[in-house]
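Each chain gets a letter, A, B and so on, in the order the sequences are listed, and its residues count up from 1.
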Amino acid sequence: MPPLAQRNLFHDKVRLAVTLTGIVFSVVLIVVQLGLFFGFTTATSNLIDHSNADLWMTSKNVPYVEQGVAFSERKLYQVRAVPGVADAQKIIAHWTGWKRHDGGQESVQIVGINVDDSLERPWNLVEGRVEDLKSPDSVILDELYKQKLGVTRVGEVFEIGGYRARVVGFTRGIRSFTTSPYVFTSFKNAQNFAALREDQTLFILVKVAPGADLQQVRQGLLDHVKDVEVFTTGEFSHMTTFYWMFTTGAGVAVLIAAVLGLVVGFVVVAQTIYATTMDHIREYGTLKAMGAPNSYVYKVIMKQAAISAVIGYGLGMIVSVFVVRGSQAGGAAILMPPSMAVAMFFVTLLMCVGAALVSINKVMRIDPAMVFKG
Amino acid sequence: MQAAIAVRQLTKTYDEGSTGTLALRGVDLDAHAGELLMLMGPSGSGKTTLLSIMGCILTATSGSVRVAGREVVGLREKELPALRLEHVGFVFQGFNLFPTLSAGENVELMLDLKGVAAAAAKRRAHELLDQVGLGGKYGSFPADLSGGQKQRVAIARALAGDPGIILADEPTAALDSHTGRNVMEMMSELAHKRGRAVVIVTHDSRVLSFADRIVKIEDGAIARTTEAELVPAGLLVHGMGASTVGLV
């Protein structure tokens, strides 16, 4: 087949630029909206997903990680006695108040961990060490929230829940879905910051022994420890994400924005592809008059749409990568996992081909006799 | 002798709201292989509609149209393209070349529609352009060609499908007299030396000398048919230049 589709596309540079701009705009819009959705979704369960635990033990009726209810830390010893448990640690995740130097108050989420254990630790440290949390009153927070919490450097002292707190390190990219940043500290400090009694914890994390059956261990925990619930890490992550994204309505808003991004993107692409097809409507009429079957005309239009999609996707991804990277320094992360980048290719192809189908409908109704009209 | 196109009692009505416009009324007409037939008449008389129906582009409202011996009235619309491709070549007033394809590629497009392989299509496109005197213009784009050259590319394209019937709509209207004459000489050769049935719609009285038969259409019906030897001398050649190009 003579390269009609390619030539039609590249012949008019201005039209090509307009078409590609429309597709690139749509790709970036969808990536940003879906990326925000994924960013928010990931942020809701950051703490759970980064733990090395297999199971999370909570009090009864705890809907999500930030809503932990205190129970006796003595249950830790009962947990460790259950067959198949390789390791178990108590942790605290709880909202409390941070007092800035200027007297202002900020809400933070204290995360109290066993510093000697690896079931839950701060990650992506850019300054300080996790072991520094062993020193009294020490805390580690994310550099994203320095300004919000009034922190400028390691060594500064603040007040959390009425207790002294000293910054010993910073992480990078540990976002919280809420406006309350995570502040990591030792379990003992966290009990103070969160105003818990010395014998209380909020969660117990469990690592199952190699070869042990996860569901059997879980059932063993429920049988041996009273008044608790036990979730797999995946379940608890899903519960927390579901709560924030759908029960609060926050996620629904982001999801609607993502869907709107798709719709607007499709409309923009449809409009530009349609206009491109209409520019060549007389040529398609000539093709039909010459005896080309509809399938031949489809092929030309589809090829044009597919080429537009590939180029538009490539350019759109380049712009998107810059946008995604730029968002890392902000409070709302835009995430683009590789699977999303791959899926976007097919979404773009689908949008362009779908848009071409709309214009094909118009082309198929061309009266071939139009070729006789001067 | 069987007519390449045989039209009998042809009517065509265009639907326009609650009323219809009768464009053709009871037309009887044959076009034979080896004959150059011209359709003349005022604007709106129905000659282009007749040409469109003869070329299987429009469907008739009633009557009979046989193209290469096959009845086309009553065929489904999706059956018509194959019939056009097989039997009919078109030459348009506005050339209707694909501006983004070179002259050679425009010809190849028709060959591709006919299922000719790429290499063979390229060879054949070169041959056809040679035949219309455009041997060196394979890679030239329509924008770089004169009106006469464009029309010759269009003729080469029409010939690429090796059709028995060539239908041309005002093929000289956009050309000067000299170029128009060249184009008409090609049309004449197609009919008289290559045995094609050539039907030309024209307003251009300068080209009437090339006709074997002139059919005048008025108000959707044939008003008069004039055989070549009876064409009034006053209607023949008005200022057309000498021939310079013919089909090789």
Taking all atoms of both residues into account, what is the closest heavy-atom pair of A:Ala289 and B:Phe92, and its distance? CB-CZ, 4.3 Å

Residue set satisfying side chain to side chain contact (heavy atoms under 4.5 Å, CB included) with B:Ala173, at least two apart, ordered chain then number -> B:Gln93, B:Glu170

Okay, B:Thr49 and chain A: the region with an atom under 4.5 Å from a heavy atom over there is neither

Which atoms of B:Leu101 come close to chain A, meaning under 4.5 Å heavy atom to heavy atom: side chain ones, backbone ones, both, or neither? both

Spatial distance of atom CZ (B:Arg84) from atom NZ (A:Lys288) [nearest 0.5 Å]: 8.0 Å

Please tell me if the side chains of A:Met290 and B:Leu113 come closer than 4.5 Å, counting only heavy atoms from C-beta onward. yes

If you count every heavy atom of other residues, nucleotides or ligands that lies below 6.0 Å from A:Phe246 atom CZ, does the total exceed 12? yes

Counting heavy-atom pairs under 4.5 angstrom with chain A, the leader among B:Leu51, B:Val201, B:Thr100, B:Leu85 is B:Thr100

Measure B:Phe141 against the heavy atoms of chain A and call it side chain, backbone, both or neither at under 4.5 Å. side chain

Other residues, nucleotides and ligands only: do more than 12 of their heavy atoms fall within 6.0 Å of NZ on A:Lys299? no

Provide the closest heavy-atom pair for B:Ser102 versus A:Arg7 in the form atom of the first, atom of the second, distance. N-NH1, 4.2 Å

Counting only heavy atoms not in A:Phe322 (residues, nucleotides, ligands), do more than 12 fall under 6.0 Å from its CZ? no

Between A:Leu287, A:Asp12, A:Asn294, which residue shows the highest count of heavy-atom pairs closer than 4.5 Å to chain B? A:Leu287

Heavy-atom nearest pair, B:Pro81 first then A:Ala292, reads CB-O, 4.0 Å

Sub-3.5 Å donor-acceptor pair from the side chain of A:Arg282 to the main-chain atoms of B:Asn96, do we have one? no

Report the C-alpha separation of B:Arg157 and A:Thr286 in whole Å, then their side-chain angles, then the decisive distance to 0.1 Å, and conclude whether the side chain to side chain contact (heavy atoms under 4.5 Å, CB included) test is met. CA-CA 12 Å; B:Arg157 182 176 69 183; A:Thr286 303; 4.0 Å; yes

Could you go through the side chain to side chain contact (heavy atoms under 4.5 Å, CB included) check for B:Phe98 and A:Asn8 one step at a time? CA-CA 9 Å; B:Phe98 295 88; A:Asn8 277 354; 5.9 Å; no

Leading residue by heavy atom contact count with chain A [cutoff under 4.5 Å; candidates B:Ala82, B:Ala118, B:Pro99, B:Pro163]: B:Pro99

Among B:Met110, B:Lys114, B:Lys78, B:Glu86, which residue has the highest count of heavy-atom pairs closer than 4.5 Å to chain A? B:Met110

